[in-house]
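Here the structure comes first, spelled out in structure tokens, and everything after it is commentary.
Because only heavy atoms are used, hydrogens play no part in the values below, and waters and symmetry mates are left out as well, while side chains stay in. Values in this document were obtained by computation on a predicted structure and should not be read as measured data. The residues of the chain are indexed from 1 along the displayed sequence.
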Amino acid sequence: MKENLLIINDLKKFVNQESILISEPLSNHTFTKTGGVGDIFLKPKNISEVEQIVRYASSNTIPLTVLGNGSNVIIRNKGIRGIIMSLVHLNDVKVDGTVIKAGSGAALIDVSRTALSHHLTGLEFACGIPGTIGGALVMNAGAYGGEISYVLKSAQVLTNSGELITLGEHDFQFGYRSSVFAKESYIILEATFQLEKSDHAKIKEEMDHFTMLRESKQPLEYPSCGSVFKRPPNHFAGKLIQDSDLQGTRIGGAEVSTKHAGFIVNVDQATSSDYIQLICHIQETVKQKFDIELETEVKIIGEE
């Protein structure tokens, strides 16, 4: 604890005091409403603060965990040691012709709506994805036939040591739910998207259609981390779980959604352990029944 107080005193030299939270319940920052305590939780206001935090953590060998808005993460019950840095304040969105620049903390949904308001097509698929721009790049987020790789032009990132670099299209190494950002653990600061002009009514019609599909099929009435598993080759995770008779299965307060089998919902004060145990049970059952290994799309982090 004494060591943490020394770190906090150092951080106050370049981070506003109101941006520093001590022993913060991380359940306040995840869509599942679960997660243990974080030692030092920071919400930097700008890129300069982010750079200084990253360099400070690197030079002092302090563990650093970066969070977006917590939509696609499960944080274990014992929480996270060291510094946790949320980038939600890096949320500026600017439009220049057919190009949109967005901070990594901007909500992907908001950026898709900005594109709509400027009659720009290419981000319709993202109108219901609840993550941030940073998370979307890391995971190469996609839905309804679209994905980030189709529209990303460049990205400004920090390396773990605090070096500022700009990546172009030839650097991204995009695959299904994978990217160079994940492989190299880059800290994303800003993304630039190349879109195209189109008819406002046509873009809105497509977004309304995707929204209708999402609301009719997904259990949005409960806290969840979204789609839990990656799509196995030639299969759909939700269908495999459904065909394993797992819908409605509950461990603690976590339940396999009866509306969409690919989702695990927090129906009654679930803990991260409930979620993780249920994920393992699903994986074991599907493996036993279909000899298919389900890989998690959601990131599970924190102290064991």
Side-chain angles (χ1 to χ4, degrees), residues 26-27 30-36 70-78 125-126 128-131 135-136 138-148 174-179 182 209-304:
L26 298 174
S27 56
T30 62
F31 272 43
T32 61
K33 306 301 181 188
T34 67
S71 62
N72 193 41
V73 66
I74 294 170
I75 300 173
R76 295 184 179 94
N77 287 353
K78 289 191 176 181
F125 74 91
I129 298 175
V138 170
M139 294 295 291
N140 187 19
Y144 307 118
E147 60 183 44
I148 286 294
F174 278 130
Y176 173 63
R177 299 295 177 265
S178 67
S179 68
H209 176 62
F210 291 156
T211 299
M212 181 274 295
L213 290 176
R214 181 171 178 264
E215 290 177 349
S216 65
K217 293 182 178 180
Q218 297 182 13
L220 304 179
E221 63 273 24
Y222 292 107
S224 83
C225 56
S227 183
V228 177
F229 300 101
K230 294 180 181 179
R231 185 178 65 246
N234 305 314
H235 293 279
F236 292 99
K239 183 71 164 61
L240 292 168
I241 296 165
Q242 182 178 330
D243 291 347
S244 299
D245 299 321
L246 288 168
Q247 281 184 283
T249 299
R250 187 185 294 194
I251 292 179
E255 180 181 280
V256 180
S257 170
T258 55
K259 190 173 184 180
H260 189 309
F263 285 65
I264 295 175
V265 289
N266 184 347
V267 294
D268 185 17
Q269 298 181 323
T271 67
S272 299
S273 291
D274 296 340
Y275 262 87
I276 294 166
Q277 287 179 55
L278 189 51
I279 286 169
C280 292
H281 176 64
I282 292 166
Q283 289 172 318
E284 290 166 3
T285 304
V286 170
K287 173 67 175 174
Q288 194 171 48
K289 189 172 179 69
F290 296 105
D291 196 27
I292 294 172
E293 294 187 3
L294 291 181
E295 184 181 350
T296 54
E297 178 174 319
V298 64
K299 290 178 69 176
I300 301 173
I301 62 174
E303 198 167 73
E304 293 279 7

Restricting to non-hydrogen atoms, name the atom on [X] and the atom on [Y] that form the minimum distance, rounded to 0.1 Å.
X: T32; Y: T34; value: OG1-OG1, 2.7 Å
X: P232; Y: L294; value: CG-CD2, 3.6 Å
X: A141; Y: I129; value: CB-CD1, 4.3 Å
X: G302; Y: R76; value: O-NH1, 2.8 Å
X: F229; Y: Q283; value: CE2-CG, 3.7 Å
X: S224; Y: V265; value: CB-CG1, 4.0 Å

Begin with the C-alpha distance, continue with both residues' side-chain angles, and end with the deciding distance and a verdict on side-chain contact (heavy atoms from CB on, under 4.5 Å) for E255 and D268. CA-CA 9 Å; E255 180 181 280; D268 185 17; over 6 Å; no
Determine whether T285 and F290 satisfy the following criterion, side-chain contact (heavy atoms from CB on, under 4.5 Å), listing intermediate values before the conclusion. CA-CA 8 Å; T285 304; F290 296 105; over 6 Å; no
Identify each donor-acceptor pair in which a side-chain atom of residues 235-242 lies under 3.5 Å from a protein atom, sequence neighbours left out, and give them as a table.
from	atom 1	to	atom 2	distance (Å)
K239	NZ	D243	OD1	3.3
K239	NZ	D243	OD2	2.7

Measuring from atom [atom1] of [X] to atom [atom2] of [Y], what distance do you get when rounded to the nearest 0.5 angstrom?
X: T30; Y: N266; atom1: OG1; atom2: CG; value: 9.0 Å
X: S257; Y: K217; atom1: OG; atom2: NZ; value: 13.5 Å
X: S227; Y: H260; atom1: OG; atom2: NE2; value: 6.5 Å
X: I300; Y: I75; atom1: CD1; atom2: CD1; value: 11.5 Å

Output yes when a side-chain donor or acceptor of [X] lies under 3.5 Å from a complementary backbone atom of [Y], and no otherwise.
X: T258; Y: G248; value: no
X: Y275; Y: A270; value: no
X: S71; Y: F31; value: no
X: R177; Y: G142; value: yes
X: K33; Y: S27; value: no
X: Y176; Y: R231; value: yes

[atom1]/[X]: more than 12 non-hydrogen atoms of other groups inside 6.0 Å:
X: K230; atom1: NZ; result: yes
X: E221; atom1: CD; result: yes
X: Y222; atom1: OH; result: no

Only one of I279, I301, I264 forms a side chain to side chain contact (heavy atoms under 4.5 Å, CB included) with I74, so which one is it?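 Answer after filtering I279, I301, I264: I279.
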S179-N140 side chain donor-acceptor pair, cut-off 3.5 Å: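 No, no side-chain donor-acceptor contact under 3.5 Å.
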Cationic N near anionic O, under 4.0 Å, E293 to K287: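 Here E293 pairs with K287 in a salt bridge, since their nearest N and O are under 4.0 Å apart.
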